[in-house]
Amino acid sequence: MAIENKYIFFPVTKTGYWHNGIHIYKKNSEDFVISPFLGKILKKDQSIASIYPAKLPKIIYVREIILTASPEVAEKYENLSSIDFTKLKKDEQEKVLEAIGLSSNPSYILQKHTISFKNEMFSYYSFIRHFSKLCDFKKIKNDEYIFPHDKVGEYGKSEGENNMVHLEYFITTDSSYFNITAPDIFDYCDNINNEFDLYKKEEQAFEELYFDAKTEFSVLNSKDDYKEYPGSLHIQVKSYHVKINENYKKKNSLRIEVNNNAINVHDKENNIVNQIKIDIKNPLTNNIDTELVYTQCLKTKNNDIKELFYTLDPFNLQPFWTEADPEKLQYWDKYIFTKGDVMLKKYSMQPDKKIFSKLNGSNQEFSLQFFKAQEDGVEVLESTENRKFIKIEEDGRNFYFLKDDIKYNSNYWKDFKDGTAVFLKKDLTPYNPNDDDVKNCSDLQKIMREKNVIDSVEPSMELVQFLEKNKSITIRCAFQHISEWSQVEINPFTIDHPEETSDLWEKMRIWSKDGKSSSFPREVSDSGKFIYFHPAYFENWLFNLHRCFAKKLISVQNLVMKDFRLVQGNCGIYYNFHEEDTTFCNHAVFETIIKVDGNFNNFTKKTANKKNISRDPLKEDFPECPDTEKYKYKPSNYWCDVLEKQSENSEETGICKISAEQAFYMAQLGYVVIAAWKNLETNPKKNQSPHFVTVRPCKGKYPGLDLLCVAHVGGGKNKVKTLIKAFDAKDNIEKQCKIYFYCNIQQCFI
């Protein structure tokens, strides 16, 4: 937004007029104004016809037209010094009025945008005006919302400009956002330049233990262990897969019988033998040892002598921690067993837990972006003393610093790292168009100096020079001001037709002379309590914030897809034990939403009423299917019904049923979006499970349903897939049409 020529929109014109927004112009590739964020419509007005002042000017000077009119209009009057406006025909009058800026499209839309994270809620508002036409907005059940990348309206005209709209962002002076502490927001966004102590990550010491295929282990993890350290297992050998030593067997002419999985051994005189030699792999040496053991400590599976297990541990390994590697370990029959001959690492503590040591040398300064997550790439790791470390990369090397060491340096509006200052209404009183520009500039500089926005004051500098020199600073300032759409008189700018302009603007007012409006929601009824931001800078900050939300979602999806509990055939999030072909798509989605959405219950509970008690189908003590007569198919279809039911009362629950395109752009902002397909198959020979995935945040424009990416768990290798592949619906249009998308517009980012 270059501060040059006549287009000085924000934060101040060279005449001292404070303009609350910017004008956005249509690009050749655009037909509509597109909404960048999710917003609730508070107020809108659709006025198709352009409006003109009731008091028409008598004389128009050609110099007014030449600068702004279209060529055909300008050429018509270029040889005249002035025009008698009263002698023009109506259509000619309208063209001239449009050329000198005395016409406008009054249509507008006012939205409320809310971002919840942790225990705070930040609400900001957007106001867009001068649409030639507003789009039709479909109701999301109980309320009206505009989703990111939805079409808002067509570009209009005002102030002698065509194909433009006016955009402004503001918050209210009583916004709770002023009470949010800096660390809350810095956990998500903005670069930090600071000095801090650096640390290096040290690998834990471990032993290598070797086990034969089908060695069994007891799992000692608690549910809290699984939750905090999903990549670690605390295990103890339950039984070794062994063989009877063939030489010993032949030498002593032993006869072996199996009865109810118990081993009975007899010698050639048919006497019972209580001890026998077995071959067992020594986990410490990887050699086969021969041990003399009691037969009562041997067992078999399915009365098969080839499946022989020794239930004691002659090597006294004791319980140990190891990595939860789904390629090596498999759940079966209530225990873990090895899939093949494997080497396991033995740790004294959870492998997920990292150890750090401080680096010697001087402190260094880094610029980085970070947020809270346990992930690969951008890491927040925990020390043995429960300190949190942030991973950074510099010159191809990894360093870490203590999260608690960060010092947050900010000014007045503390959650803007770059020193955004809030200028209250009293700060604006010195700005009067009757004062000269030099005085205005001096006053502005003094205020900015007092607020630590600039370091020094140059009284002789004119305002326009100051704004051009300090453009990068002034766009970071937020100003409290009466809305220009109010009847309150505020610093009028210099114009050729003040009476006619005032008359036109009178028709554009939406707040009265006291700055208030009873027709607006209470929160925006007083236009004197608005604090405005430079729209381009503010939008960029919001995109950075949402970009970090999206990174968090991606990291969680990556963790869930790698989670040992959710790999095909493992235990699931409730630590029950399943068949090898069991999949956990619903568990994976649940694990995703609880890590990124503090209001995840909105997804999982039906709204309670007299006929329907609120149920949570994902609690382990809750039967998934409450009505077996009604549900002839797989009980986990119940969650599809919960999502659908919640979306029928979106104003209360926040759950909205949206299109695939809306799902793409919501995920791009970091919202978790569930794609669900309900299985109504009645053929018992076919797989009757429904399927659930979460939409993957991706850059760029919506690629279409065929290329929409999702985080997929189930039916094979867990990985990012296209929606069509994840639901096995490549050539099944009917199935594609029955994949529904649900998001929580009340998501609380965590």
Side-chain angles (χ1 to χ4, degrees), residues 27 29-32 34-38 138 140 146-152 375-377 543 546-562 566 568 583-586 588-589 591-593 596-597 603 640 643 647 656-679 687 689-745 747:
K27 298 177 182 178
S29 59
E30 295 175 344
D31 293 321
F32 295 91
I34 302 298
S35 173
F37 307 111
L38 174 70
K138 294 180 180 179
I140 304 296
I146 298 177
F147 284 83
H149 222 264
D150 279 359
K151 296 174 181 177
V152 181
E375 58 162 86
D376 297 322
F543 277 125
H546 280 289
R547 198 170 291 119
C548 292
F549 292 151
K551 286 182 179 179
K552 171 70 177 291
L553 176 56
I554 288 172
S555 69
V556 169
Q557 289 173 332
N558 289 344
L559 282 173
V560 169
M561 287 186 290
K562 296 176 183 178
L566 304 179
Q568 189 174 7
T583 60
F584 303 97
C585 64
N586 54 339
V589 170
E591 277 292 276
T592 303
I593 63 177
V596 297
D597 186 358
F603 275 121
C640 295
L643 292 170
S647 71
C656 291
K657 192 175 185 179
I658 59 178
S659 68
E661 183 173 3
Q662 289 171 331
F664 174 83
Y665 289 110
M666 286 294 283
Q668 205 172 62
L669 296 181
Y671 288 87
V672 59
V673 181
I674 299 173
W677 172 73
K678 184 175 180 178
N679 194 332
N687 181 5
S689 296
H691 195 39
F692 307 95
V693 296
T694 55
V695 178
R696 182 79 164 183
C698 297
K699 295 180 181 179
K701 294 184 178 181
Y702 174 60
L705 193 66
D706 289 349
L707 298 178
L708 180 65
C709 288
V710 298
H712 175 262
V713 169
K717 188 175 181 181
N718 301 343
K719 63 179 181 180
V720 176
K721 293 184 176 182
T722 62
L723 181 85
I724 301 304
K725 288 184 179 179
F727 284 88
D728 192 22
K730 183 177 180 181
D731 299 315
N732 192 336
I733 303 301
E734 182 181 358
K735 188 174 186 179
Q736 292 178 22
C737 294
K738 292 182 179 179
I739 300 172
Y740 300 124
F741 300 88
Y742 301 91
C743 73
N744 182 9
I745 58 176
Q747 176 165 334

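Keep in mind the model is a prediction, meaning the values are calculated, not measured. Sequence positions, counted from 1, serve as the residue numbers for this chain.
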- Task: Tell me, please, which residues at least two apart from E661 pass side chain to side chain donor-acceptor pair (under 3.5 Å).
- Result: none

- To the nearest 0.5 Å, how far apart are OG1 in T592 and CG in N558? 10.0 Å

- Using the side-chain contact (heavy atoms from CB on, under 4.5 Å) rule, take F32 and V152 through it: C-alpha gap first, then chi angles, then the decisive distance, then the call. CA-CA 7 Å; F32 295 91; V152 181; over 6 Å; no

- Task: Taking Q668 for its side chain and P697 for its backbone only, find out whether a donor-acceptor pair lies under 3.5 Å.
- Result: no

- Query: When rounded to the nearest 0.5 angstrom, what is the spacing between CG in N586 and OG in S689?
  - Reply: 8.5 Å

- Query: Do you know which two heavy atoms are closest between A667 and A550, and how far apart they sit?
  - Reply: O-CB, 4.1 Å

- Can you find a pair of side-chain heavy atoms, one from F741 and one from L708, that are under 4.5 Å apart? yes

- Step-by-step side-chain contact (heavy atoms from CB on, under 4.5 Å) determination, V713 to V589: CA-CA 9 Å; V713 169; V589 170; over 6 Å; no

- Query: Under the side chain to side chain contact (heavy atoms under 4.5 Å, CB included) test, which residues partner P148, sequence neighbours left out?
  - Reply: L38, Y665, M666, L669

- Task: Taking the side chain as every heavy atom from C-beta outward, state whether Y740 and S647 have any atom pair closer than 4.5 Å.
- Result: no

- Locate the shortest heavy-atom distance separating V596 from K552; write the atom from each residue and the value. CG1-CG, 4.2 Å

- Item | Smallest separation among heavy atoms of N718 and G714, with atom names | OD1-N, 3.2 Å

- Query: Does I674 reach the side chain of N744, with side-chain heavy atoms less than 4.5 Å apart?
  - Reply: no

- Item | Gap between atom OH of Y671 and atom CG of L553 - 0.5 Å precision | 12.5 Å

- Message: Once side chain to side chain donor-acceptor pair (under 3.5 Å) is applied, do any residues pair with Y742, and if so which ones, sequence neighbours excluded?
- Response: E644

- Message: Run the side chain to side chain donor-acceptor pair (under 3.5 Å) test against S35 and tell me which residues pass, sequence neighbours left out.
- Response: none

- Query: Hey, what do you get for CZ (F692) to CZ (F603), rounding to the nearest 0.5 Å?
  - Reply: 12.0 Å

- Point-to-point distance, once rounded to the nearest 0.5 Å, from NE2 of H712 to NZ of K717: 13.0 Å

- Note on the structure: By side chain to side chain contact (heavy atoms under 4.5 Å, CB included), L707 pairs with (sequence neighbours left out) P703

- Task: Please name the pair of heavy atoms, one in G700 and one in F664, separated by the smallest distance, quoted to 0.1 Å.
- Result: O-CE2, 3.4 Å

- Item | Contacts of H546 that satisfy side chain to side chain donor-acceptor pair (under 3.5 Å) - sequence neighbours left out | none

- Message: How close do C743 and V673 get, counting heavy atoms only, and between which atoms?
- Response: CB-CG2, 4.0 Å

Which pairs of donor and acceptor atoms, one on a side chain in residues 720-732, lie under 3.5 Å apart (sequence neighbours left out)?
from: T722; atom 1: OG1; to: K725; atom 2: N; distance (Å): 3.3
from: N732; atom 1: OD1; to: E734; atom 2: N; distance (Å): 3.4
from: N732; atom 1: OD1; to: K735; atom 2: N; distance (Å): 2.9

- Here the gap from N679 atom CG to C640 atom SG, rounded to the nearest 0.5 Å, amounts to 9.0 Å

- Message: Tell me every residue that passes ring pair (Phe, Tyr, Trp, His ring centres under 6.0 Å) with F543, counting only those two or more places apart in sequence or in another chain.
- Response: F37

- Item | Where C656 and I745 come nearest, the two heavy atoms and their spacing | SG-CD1, 3.7 Å

- Task: Please collect all salt bridge (charged side-chain N to carboxylate O under 4.0 Å, His left out) contacts where either partner lies in residues 689-707, sequence neighbours excluded, each pair once.
- Result: none

